[in-house]
Amino acid sequence: MGSEDYYLELCERPVQFEKANPVNCVFFDEANKQVFAVRSGGATGVVVKGPDDRNPISFRMDDRGEVKCIKFSLENKILAVQRTSKTVDFCNFIPDNSQLEYTQECKTKNANILGFCWTSCTEIVFITDQGIEFYQVLPEKRSLKLLKSHNINVNWYMYCPESAVILLSTTVLENVLQPFYFRAGTMSKLPKFEIELPAAPKSTKLSLSERDIAMATIYGQLYVLFLRHHSRTSNSTGAEVVLYHLPREGACKKMHILKLNRTGKFALNVVDNLVVVHHQDTETSVIFDIKLRGEFDGTVTFHHPVLPARSIQPYQIPAAGPAAVTSQCPVPCKLYSSSWIVFQPDIIISASQGYLWNLQVKLQPIVNLLPDKGRLMDFLLQRKECKMVILSVCSQMLTESDRATLPVIATVFDKLNHEYKKYLDAEQSYTVAVEAGQSRSNPALKRPVRTQAVVDQSDVYTHVLSPFVENKEMPHKFVIAVLMEYIRSLNQFQIPVQHYLHELVIKTLVQHNLFYMLHQFLQYHVLSDSKPLACLLLSLESLYPPAHQLSLDMLKRLSTANDEIVEVLLSKHQVLAALRFIRGIGGHDNISARKFLDAAKQTDDVMLFYTIFRFFEQRNQRLRGNPNFTPGEHCEEHVAFFKQVFGEQALMRPTAF
C-alpha cells in the first residue's frame with residue numbers, strides 16, 4: 001500500500017520521554033498535554049515535557065511515598081502531587097514565592113481522593129468517592145480556600161479541559177453521569193443523564209466502564225462518546241459509538257450513532273472534528289463525520305464510516321544514540337500496540353517506547369477514496385487545511401482523464417459558493433453593525449473568521465480556471481460551459497461576479513471566433529456590465545466591429561464618467577480605441593493632445609504615434625485654421641520626436657483659405 005492510501009498519520013516530531021519501568025513512572029496531564037517522568041518518587045528527578053515546550057521542566061522532589069497523580073496548574077505556576085488517598089501536596093513554581101510544600105486534606109470525612117483537576121492557574125477540583133470539592137489556591141499564603149463542594153457517590157470521573165467540564169459516574173450500574181462546569185471561580189451543576197446500557201442476560205452484571213466513555217468537542221459542541229459493545233449472543237451487527245450532546249443549558253440528548261459493524265477492542269480519538277475509531281484486532285482505523293448526511297430515524301442520526309478502514313501510516317522510530325550509531329536503520333514502530341493509551345482529543349502515548357504523538361488526518365489520499373464529488377466536497381469544506389486540496393479536486397475534475405459531468409461540476413461550484421456567500425454575508429453584517437456603533441454596546445461582536453473553506457473567485461480563477469482555459473487539448477464548448485457554470489453559480493448565490501471571469505469568457509469566445517455567442521451573452525446580460533468589460537470590448541473592435549457599439553451601449557447603461565473610460569483605455573495602451581470612443585460620444589474637440597501623445601509614445605509603435613499626431617494636427621487645423629500646437633498644450637517634446645522619426649517635411653502645412 002503506497003503512502004497515498006493512508007489517511008491517518010502520527011505527527012513527525014513526537015514528544016520523547018523516558019520509558020516507563022520499575023524505577024520511572026509516567027503520568028499524563030490532559031489539561032496541559034504534558035508527560036511527567038517521575039524517577040524514584042521524584043528523588044532522582046522529574047522531567048516534564050509538552051508538545052509545545054522547546055525546553056522541558058526538570059526538578060527534584062523528596063521521595064515521600066508513591067506518586068498517584070502529578071499535574072501543573074495552567075501556565076505551570078503551581079505543582080500539585082497526590083501521594084495518599086486523603087491529601088494533595090502543593091509547591092509554588094512562581095519566582096519570589098516560597099518553594100516550601102503545603103498540603104490540603106479533603107474536607108469530607110472518610111472520603112478517598114480519586115484524583116484532581118486544575119481548572120485555571122489557581123483553581124483546583126478534588127474528586128473524591130463521596131463528591132467534589134472546588135478550591136482556590138493562594139500561593140503567597142501557601143494555603144487553599146474551599147469555594148464550593150457537592151456530595152454525591154462517585155465511581156470514577158472524567159475531565160474535558162477544553163470545555164472545563166467534569167463528568168462523575170454515579171449509581172451501582174455506574175451509568176448515571178453528573179456533569180459540572182467550571183468558570184472563573186464558579187462551579188455549576190448541569191442536568192444529569194443516563195447512558196443506556198446494552199441488553200444483557202440476567203446472569204451477567206453489566207456496568208458502565210470508564211474505558212468506554214470519552215468526552216470531546218466536535219464542531220464547537222461538547223459530546224460524551226459511549227462505546228457500546230453489543231453482546232455477541234444477540235443478533236446485532238457489532239459495536240457502535242453513541243454520541244450524547246451535552247449543552248451548557250438544557251438536558252443532555254442522544255444525537256448520533258456511529259456504526260462500527262465489528263466487535264473487539266476499540267479506542268477513540270477526535271481529530272479535525274472527525275471521530276476516529278481504532279480497532280486493535282484488525283490494526284485499522286475508520287473515521288466518522290457527524291456533519292455529513294446520515295440516516296435519521298426521527299430521534300438519532302446513524303452514520304457509517306466515511307471511508308474504508310485503513311491502518312495509520314507506518315511510522316519509523318529514529319535510531320537513538322550518539323551520531324556514530326544513528327547511521328543504523330530506523331526501527332518500524334509497532335502500530336496499534338496493546339501498550340498504546342489514547343487521550344482526547346488526538347493524543348496517542350506509548351509508555352513502553354517513550355513517545356507521545358498527535359494523530360493527524362491526511363486529506364490528499366481521501367480525494368481518491370471518496371468517488372462521490374459532492375460528498376467529498378461536503379467532507380473537505382469542514383476540514384482545517386482544506387483550501388489547496390479543494391482547488392486540486394476542482395482542477396482534477398476538469399482534466400481529460402478524470403473529467404466530471406457538468407451536473408457534478410455545477411454541484412461542486414454550488415457547494416463552494418454556498419460557503420463563500422455565508423462568509424460574505426457574515427462580513428457584511430459585521431460591517432453594518434460596526435458602522436451602526438453596535439460594537440461598543442456589544443463586546444461579543446467579532447469579525448467573522450475567514451477559514452480555508454472560503455474559496456473565493458480569485459482562488460478559483462488563479463488555480464483552476466486560468467490553467468484550464470490555457471489547456472489547448474480541451475474542447476472549447478466544454479471550456480465555455482464550465483466557465484458559464486461557475487458564473488451561473490455565483491449569480492445564483494447573488495455574489496457579484498468579478499470582471500476577470502467575464503474577461504476569461506470573452507477571450508475564450510474570441511479565440512474560437514464565437515462572436516455570435518459573445519453577442520448573445522451581452523445582449524441577454526449573461527455577462528454583467530462593468531467598466532473593464534466595456535474597455536475589453538472596445539479593444540476587440542478590429543476583430544469584431546460590432547464590439548465598439550456593444551461597448552458604448554454598456555458604458556451608457558453604466559452611466560460612467562467618460563473621462564474615466566478614456567483613462568482606463570489609455571492605461572491598457574488602447575490609444576486608438578480611446579480615441580474612437582471619445583469621437584463616438586462627440587468629445588474629441590476638448591481632449592488633451594498631450595495625454596494621447598504620451599500614451600501613444602509609450603506603446604513604442606511609431607506608426608500609432610504618427611496616426612495620433614496627425615489626428616491632432618487635423619483637429620488644430622479644423623478648430624484654429626493652423627495645424628501647429630499652441631504653447632499651452634505642452635507638446636514640444638512630441639513635435640521634436642515626430643521630426644526626429646519622420647523628418648520636418650512630414651509636418652502638416654497650414655492650409656490657406
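It should be emphasised that the depicted structure is a prediction, and the values quoted were computed from it without experimental measurement. All heavy atoms count here, side chains included; hydrogens, waters and symmetry mates do not.
- Side-chain contact between Tyr6 and Pro365: absent, with no pair of heavy atoms (C-beta onward) separated by less than 4.5 Å.
- The aromatic rings of Trp340 and Trp357 are tilted relative to each other, their planes meeting at an angle between 30° and 60°.
- With values rounded to the nearest 0.5 angstrom, Trp156 atom CH2 is found 11.5 Å from Arg211 atom CZ.
- For the atom pair Leu376 CG and Lys415 NZ, the distance stands at 10.5 Å (nearest 0.5 Å).
- Here the side chain of Gln360 pairs no donor or acceptor atom with the backbone of Glu9 at under 3.5 angstrom.
- Between the Lys71 side chain and the Phe116 main chain, a donor and an acceptor come within less than 3.5 Å of each other.
- The shortest side-chain heavy-atom distance between Asp456 and Arg450 falls under the 4.5 Å cut-off.
- Aromatic ring pairs are classed by plane angle as parallel below 30°, tilted from 30° to 60° and perpendicular above 60°; the pair Tyr336 and His278 is perpendicular.
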Report the C-alpha separation of Gln344 and Glu162 in whole Å, then their side-chain angles, then the decisive distance to 0.1 Å, and conclude whether the side chain to side chain contact (heavy atoms under 4.5 Å, CB included) test is met. CA-CA 10 Å; Gln344 298 315 319; Glu162 286 76 21; over 6 Å; no
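- Not a single donor-acceptor pair under 3.5 Å links the side chain of Asp425 to the backbone N or O of Lys422.
- No close placement of the Phe493 and Tyr420 rings is indicated, their centers lying 6.0 Å or farther apart.
- You'll find the side chain of Ile287 reaches within 4.5 Å of the side chain of Leu307, heavy atoms only.
- Using a 4.0 Å cut-off between a side-chain N of Lys or Arg and a carboxylate O of Asp or Glu, Asp378 and Lys291 do not qualify as a salt bridge.
- For Arg248, the side chain to side chain donor-acceptor pair (under 3.5 Å) test picks out Tyr181, with sequence neighbours left out.
- With sequence neighbours excluded, no residue forms a ring pair (Phe, Tyr, Trp, His ring centres under 6.0 Å) with Tyr159.
- Classification of Lys334 and Glu283 as a salt-bridged pair holds, one side-chain N sitting under 4.0 Å from a carboxylate O.
- The closest side-chain heavy-atom distance from Val482 to Met474 is not below 4.5 Å.
- A donor-acceptor contact shorter than 3.5 Å links the side chain of Gln457 to the backbone of Gln498.
- A donor-acceptor pair under 3.5 Å is absent between the side-chain atoms of Asp346 and the main chain of Asn358, judged by distance alone.
- With contacts defined as side-chain heavy-atom distances shorter than 4.5 Å, the pair Pro179/Met215 does not qualify.
- Between the side chain of Asn24 and the backbone N or O of Glu18 there is at least one donor-acceptor pair closer than 3.5 Å.
- Qualifying side chain to side chain contact (heavy atoms under 4.5 Å, CB included) partners for Lys384, counting only residues two or more places apart in sequence or in other chains: Asp272.
- Inter-residue side-chain proximity for Tyr219 and Gln382 is flagged as met; some heavy-atom pair is nearer than 4.5 Å.
- The aromatic rings of His256 and His303 lie tilted to each other, with the angle between the two planes from 30° to 60°.
- Cation-pi geometry between Lys259 and Phe302 is not satisfied (NZ or CZ under 6.0 Å from the ring centre, within 45° of the ring normal).
- Seen from the ring of Phe379, Arg375 does not count as a face-on cation partner, given the 6.0 Å and 45° thresholds.
- Checking side-chain atoms of His279 against main-chain N and O of Thr263 turns up a donor-acceptor pair under 3.5 Å.
- Of all heavy-atom pairs between Trp118 and Cys121, the closest is CZ3-O, 3.8 Å.
- Taking the six-membered ring for Trp and thresholds of 30 and 60 degrees, His229 and Phe266 have ring planes inclined between 30 and 60 degrees apart.
- Taken from OG1 in Thr301 to CD1 in Ile257, the straight-line distance is 9.5 Å, to the nearest 0.5 Å.
- Looking at heavy atoms from C-beta onward, Glu400 lies out of side-chain contact with Asn471 at the 4.5 angstrom threshold.
- For the pair Gln82 (side chain) and Lys68 (backbone), a donor-acceptor distance under 3.5 Å is absent.
- Not counting sequence neighbours, Tyr423 has no partner by the ring pair (Phe, Tyr, Trp, His ring centres under 6.0 Å) test.
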With side chain to side chain contact (heavy atoms under 4.5 Å, CB included) as the test, would you mind laying out the steps for Leu177 and Leu208 before giving the verdict? CA-CA 10 Å; Leu177 301 181; Leu208 179 65; 4.2 Å; yes
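- Taken to the nearest 0.5 Å, the OH atom of Tyr315 stands 6.5 Å off from the OH atom of Tyr355.
- Residue Phe93 holds its CZ atom at 5.0 Å from CG of Leu79, rounded to the nearest 0.5 Å.
- Between the OG atom in Ser489 and the CG atom in Leu416 there is a gap of 8.0 Å [rounded to 0.5 Å].
- At distances below 3.5 Å, not a single donor-acceptor pair connects side-chain atoms of Ser395 with backbone N or O atoms of Val464.
- Taking every heavy atom of both residues into account, Thr411 and Gly374 meet most closely at CG2-CA, 4.4 Å.
- By the neighbour-count criterion of 12 heavy atoms within 6.0 Å, atom CD of Gln428 is sparsely surrounded, having that number or fewer from other residues, nucleotides or ligands.
- Partners of Phe288 by ring pair (Phe, Tyr, Trp, His ring centres under 6.0 Å), not counting sequence neighbours: none found.
- Across every non-hydrogen atom of Leu359 and Val271, the tightest pair is O-CG1, 3.5 Å.
- Remark: Lys421 does not engage Asp414 in a salt bridge, criterion side-chain N to carboxylate O under 4.0 Å.
- Residues Phe193 and Val224 approach most closely at CZ-CG2, 3.9 Å, considering heavy atoms.
- Residues Arg262 and Val277 are not in side-chain contact: their nearest non-hydrogen atoms beyond the backbone lie 4.5 Å or more apart.
- The number of heavy-atom neighbours closer than 6.0 Å to NE2 of His418, taken from other residues, nucleotides and ligands shown, is 12 or below.
- The minimum heavy-atom distance linking Met158 with Ile213 is given by the pair CE-O, 3.2 Å.
- Nearest approach of Ala184 to Glu123, heavy atoms of both residues: C-OE2, 4.0 Å.
- Here the side chain of Ser73 pairs a donor or acceptor atom with the backbone of Ile78 at under 3.5 angstrom.
- For Tyr430, the ring pair (Phe, Tyr, Trp, His ring centres under 6.0 Å) test picks out no residue, with sequence neighbours left out.
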Check the pair Tyr223, Val270 against side chain to side chain contact (heavy atoms under 4.5 Å, CB included), reporting the backbone distance first and the verdict last. CA-CA 11 Å; Tyr223 287 90; Val270 173; over 6 Å; no
Assess the residue pair Ile347 and Leu356 against the criterion (side chain to side chain contact (heavy atoms under 4.5 Å, CB included)); give the C-alpha distance rounded to whole Å, side-chain angles, the decisive distance to 0.1 Å, and a yes or no. CA-CA 7 Å; Ile347 286 168; Leu356 177 152; 4.0 Å; yes
